[in-house]
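As structure tokens, the structure follows; a few thoughts come after it.
Please read these numbers as outputs of a predicted model, since none were measured by experiment.
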Amino acid sequence: MKFSVQPLVKPLRTALLPLMAALVLAGCATVPSGLPEITTTAQFKEQGKDGMSPPAGFTRAVPSEAQARGAWWLAFNDPTLNALVEKADVSNNNIQAAAARLAEARALARSANADRLPQIGLSAGANRGAGLDKATASTTPATMTNIGATFSYEVDLFGRLSGASNAAKLDATGREALLQSTRLAVQAEVAQTYLQLRALDAERALVREQVEAYRDTLRLSQRREQAGDIAELDVARVQTEVSSTESDALALDRQRAQVEHALAVLVGDSASSFGLRTDEWSTALPSIPPGVPATVLTRRPDVSAAQNAVLAAQARVGVAQAAWFPDISLTGAAGYASPEVGDLFKWSARSWGVGALLSLPIFDGGRREAGVQGANAQLDGALASYRTQVLVAFQEVEDQLAAIRILQEQSVVQAQAVTSAQRATSLSDTRYRNGYISQLDLLDARRSELRNRRQALQVKSAQYQAAVGLIRAIGGGWEAPAPVAAAGAQTKVATR
């Protein structure tokens, strides 16, 4: 009987045509590379509003996505702050969690890279059975023991394994940057919380000082009431001010306790065992050159992490596209096999085998196409996140620059208001004691002075918060100034 193979060739060719077309298209597909271009201005918008440029002698930061952020907190010249930040670096749980995620990413990168290398192992086993030898038709049970070495290697012709390894390395690099970002965020939060606590200490001292002033007025009013110079109503008014101001002082005590507890968590201590004594607010306020917008993109670790996420997503697009190509694996085994354990290592019991396997799914229900689409979607998401991170970085720098500029102007105006309020209180107190003005005028002057002095402290606190916020926004990297600054002095610090 004759068979014709010609009728079978055409259907086979027709069936393989879509597969060949898919392989050609996959081979022509290009993997996106690089980062989107970000246009930056010559300087920040807020820098031009005060007519100031970065002071001479300052150097720009060296671009490095995972570099240490530097001991920038030393610029505030506060030993207590230094100790708190250093303790947080060691004990803060968020930093430890970020370090653990970095260790995990590095382990995954090593695992992905291991897939590119030959795999060698040892094997040993024993099988017992009967009726397996059809030549002898024996049903007597027999045992076969074997020992040997195995070898396997997947040939990475189309870059699938190298792409996966590269993506994992980029993930690990991004985790390094995120660790630095977490460390910088914790350091900044410790500094801001500590400065908030010192501001509360100063405000509490001010309010309690005002309570004593009201009590002095109360004692004077009580004497005058006893002498018949004033009515009981005047005494009641002063007593009201004493109690109201004491209530404000207690509210500040409660707020300080909460801030102290938050600081305990940041440095990794229990709130029950952590305490920070009340002290004078003598922290220096440094003057910080923000550099230029382009440096922010190289110094901020969160921006660098977003960049690495984009590059890793691009690598994974290549891995998904490589799934259209065949996989080629080489395998080998060599060793000994014998039904008798005593004969296992005899030369006649040797055995070996080599093999090669080429595999390519013909129909997978759209799995590979879905993988490519998913990888492209992840890339689009990473690009959007990167652009957002860049915009947020510029926003945060501009926010803090605007805050520093406006707060400086506000502090000058507020200082004038405090001076006027103190003068008005002094004059009112003298005139009240001499009977020229009413008690209401004196109380009103005291309230105005307290309000303006508290407002001045709040403006000062906001200046310190904005200074720390700017350092965090530009990515840190500050070194301590050489001279020791007095309280409230402007201290220049240089970038590393």
Donor on one side chain, acceptor on other, Glu369 and Gln373, under 3.5 Å: yes

For residues 83-90, which side-chain N or O atoms pair as donor and acceptor with protein atoms under 3.5 Å away, sequence neighbours left out?
unit_1: Lys87; atom_1: NZ; unit_2: Asp269; atom_2: OD1; d: 3.4
unit_1: Asp89; atom_1: OD1; unit_2: Gln187; atom_2: NE2; d: 3.1
unit_1: Asp89; atom_1: OD2; unit_2: Gln187; atom_2: NE2; d: 3.3

Exam field: side chain Ser243 to backbone Gln239, donor-acceptor pair closer than 3.5 Å: yes

Glu241/Arg447 salt bridge by N-O under 4.0 Å criterion: yes

Under-4.0 Å salt bridge between Arg277 and Asp279: yes

Carboxylate-amine/guanidinium contact Glu176 Arg106, below 4.0 Å: yes

Distance-minimising heavy-atom pair for Ala313 and Ala382: CB-CB, 4.2 Å

The single option from Lys460, Arg256, Arg454 passing salt bridge (charged side-chain N to carboxylate O under 4.0 Å, His left out) against Glu203: Arg454

Backbone N/O of Gln422 and side chain of Ser426: donor-acceptor pair under 3.5 Å: no

Flag for Ser181-Asp302: side-chain donor and acceptor within less than 3.5 Å: no

Any side-chain donor near an acceptor of the partner, Thr245 and Gln210, under 3.5 Å: no

Gln408 and Gln463 side chains, donor-acceptor separation under 3.5 Å: yes

Side-chain ion pair, Glu212 and Arg208, N-O less than 4.0 Å: no

Heavy atoms of other groups near Glu409 CD, more than 12 under 6.0 Å: yes

Arg198 NZ/CZ over Trp281 ring centroid, <6.0 Å and within 45° of normal: no

Residue list, side-chain contact (heavy atoms from CB on, under 4.5 Å) with Ala185, at least two apart or on another chain: Arg472

Heavy-atom donor-acceptor pair, Asn434 side chain to Thr430 backbone, under 3.5 Å: yes

